Participant: 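Before I ask anything, here is the structure I am working with.
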Amino acid sequence: MARRLTLSRRTGLCAAACALAALGLVVQVLWLSFDAWAGNAALRPVYAAACAVLPCTVPARDSVEDLSVRDVALRARLDAPGTVVIQALLVNEGAVERPLPRLELRLLNLAGEVVAARRLEPVDYLATGAGETLAAGGSARVTVEIRNPGIEAVNVVLVPQL
């Protein structure tokens, strides 16, 4: 009988060690994937709860550091004289979903000086029905119609802002 109790005790210790090792593996995966998974809507509460106890901070979702604007083009509208269309691609290069930012539209002259500027909300530059966030690795087409700024404006810059 004593032998059976010892075998049972070993089995229990072995099971506890396996459970502890599995827990350690889960914690390691969560820690190593912190930057990528902390922005996931399903996992964000898990990371927020862990960071309430541990010395860590869940990254802000409203940062614009991973957002870039590419393929900016300025075209005159032939069917509407005096109007130009600015098109670009807003890209989230990060591993976290981000809310759509405001964009600062700057029109520059040959010397690089700002000749006109305007702040655009997402509703101003996205098609109707677009979401409020930009998925990790995702992109959105930006389209803005403005009055022709004249021949002085030769360059367009779109800058994501909070």
Side-chain angles (χ1 to χ4, degrees), residues 22-23 25-162:
L23 179 64
L25 181 62
V26 168
V27 168
Q28 284 181 21
V29 169
L30 288 172
W31 182 257
L32 292 174
S33 303
F34 182 82
D35 291 335
W37 290 358
N40 182 307
L43 293 174
R44 191 170 180 82
V46 172
Y47 283 106
C51 285
V53 178
L54 300 172
C56 62
T57 305
V58 179
R61 292 181 63 206
D62 58 355
S63 170
V64 295
E65 64 190 26
D66 294 332
L67 299 178
S68 65
V69 179
R70 299 181 187 165
D71 304 328
V72 180
L74 177 69
R75 294 185 179 91
R77 280 196 53 188
L78 300 176
D79 60 335
T83 304
V84 294
V85 177
I86 299 168
Q87 293 182 318
L89 190 64
L90 178 63
V91 179
N92 181 357
E93 297 171 339
V96 178
E97 179 181 56
R98 302 275 184 211
L100 289 168
R102 287 185 193 98
L103 291 177
E104 183 173 330
L105 168 66
R106 298 177 192 157
L107 299 168
L108 309 174
N109 63 15
L110 283 173
E113 300 165 333
V114 176
V115 294
R118 181 174 163 194
R119 217 171 245 152
L120 306 167
E121 296 294 328
V123 69
D124 298 330
Y125 64 80
L126 288 179
T128 306
E132 295 180 3
T133 60
L134 192 55
S139 62
R141 177 66 51 194
V142 173
T143 304
V144 181
E145 276 190 34
I146 62 170
R147 188 173 41 91
N148 191 337
I151 60 172
E152 208 177 313
V154 293
N155 196 6
V156 179
V157 177
L158 289 167
V159 180
Q161 297 186 334
L162 294 177

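Note that this is a predicted model, so its numbers are computed, not measured. Quick note: residue numbers are just sequence positions, from 1.
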Participant: Checking side-chain polar atoms at under 3.5 Å, does Gln87 have a donor or acceptor matched by the opposite partner on Arg75?
Facilitator: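 Side-chain D/A pair, Gln87 to Arg75: present.
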Participant: Does a side-chain heavy-atom distance below 4.5 Å link Thr143 with Tyr125?
Facilitator: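 No - every pair of side-chain heavy atoms lies 4.5 Å or more apart.
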Participant: Can you find a pair of side-chain heavy atoms, one from Pro149 and one from Val84, that are under 4.5 Å apart?
Facilitator: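 With C-beta onward as the side chain, the pair touches.
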Participant: Side-chain contact, heavy-atom cut-off 4.5 Å: Pro101 with Leu67?
Facilitator: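 Pro101 vs Leu67: side chains touch.
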Participant: If you define the side chain from C-beta out and look only at heavy atoms, does anything of Ile146 sit under 4.5 Å from Leu107?
Facilitator: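 With C-beta onward as the side chain, the pair touches.
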Participant: Looking at every non-hydrogen atom in both residues, tell me the closest pair between Ala88 and Val69 and how far apart they are.
Facilitator: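 Scanning both residues, the minimum pair turns out to be CB-CG1, 3.7 Å.
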Participant: Please examine the side chains of Glu113 and Leu108, heavy atoms only from C-beta on, and report whether any two atoms are closer than 4.5 Å.
Facilitator: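 Not touching, per the 4.5 Å side-chain cut-off.
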Participant: Is the CG atom of Leu78 crowded by more than 12 outside heavy atoms at less than 6.0 Å?
Facilitator: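 At most 12 heavy atoms, drawn from other residues, nucleotides or ligands, come within 6.0 Å of this atom.
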Participant: Can any side-chain N or O of Asn92 pair as donor or acceptor with the backbone N or O of Leu134 at less than 3.5 Å?
Facilitator: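 Present.
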Participant: For a quick check under 3.5 Å, do Thr83 and Glu145 share a side-chain donor-acceptor pair by atom type?
Facilitator: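 Their side chains do not contain a donor-acceptor pair, so the 3.5 Å distance test is not met.
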Participant: Evaluate the side-chain proximity of Val159 to Arg106: yes if any heavy-atom separation is below 4.5 Å, no if none is.
Facilitator: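 Side-chain contact under 4.5 Å: yes.
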Participant: With a 4.5 Å cut-off on side-chain heavy atoms, are Ile86 and Leu105 touching?
Facilitator: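 They are in side-chain contact.
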Participant: Other residues, nucleotides and ligands only: do more than 12 of their heavy atoms fall within 6.0 Å of CD on Gln161?
Facilitator: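 Yes, enclosed.
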Participant: Taking the side chain as C-beta and beyond, is there a heavy-atom pair between Val144 and Asp124 under 4.5 Å?
Facilitator: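 A side-chain contact under 4.5 Å is absent here.
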Participant: CZ/Arg98 to CG/Asp66 distance, rounded to the nearest 0.5 angstrom?
Facilitator: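 The CZ atom of Arg98 sits 5.0 Å away from the CG atom of Asp66.
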Participant: So Arg141 and Leu89, side-chain contact (heavy atoms from CB on, under 4.5 Å) or not? Walk me through it.
Facilitator: CA-CA 5 Å; Arg141 177 66 51 194; Leu89 190 64; 4.1 Å; yes
Participant: For Glu104, is there an ion pair with Arg102 - N to carboxylate O distance below 4.0 angstrom?
Facilitator: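 No.
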Participant: Set out, in order, the CA-CA distance, both residues' side-chain angles and the distance that settles side-chain contact (heavy atoms from CB on, under 4.5 Å) for Leu74 and Asn155, then state yes or no.
Facilitator: CA-CA 8 Å; Leu74 177 69; Asn155 196 6; over 6 Å; no
Participant: Does CD1 in Ile151 sit with more than 12 non-hydrogen atoms of other residues, nucleotides or ligands closer than 6.0 Å?
Facilitator: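 No - once you tally the heavy atoms of other residues, nucleotides and ligands closer than 6.0 Å, there are 12 at most.
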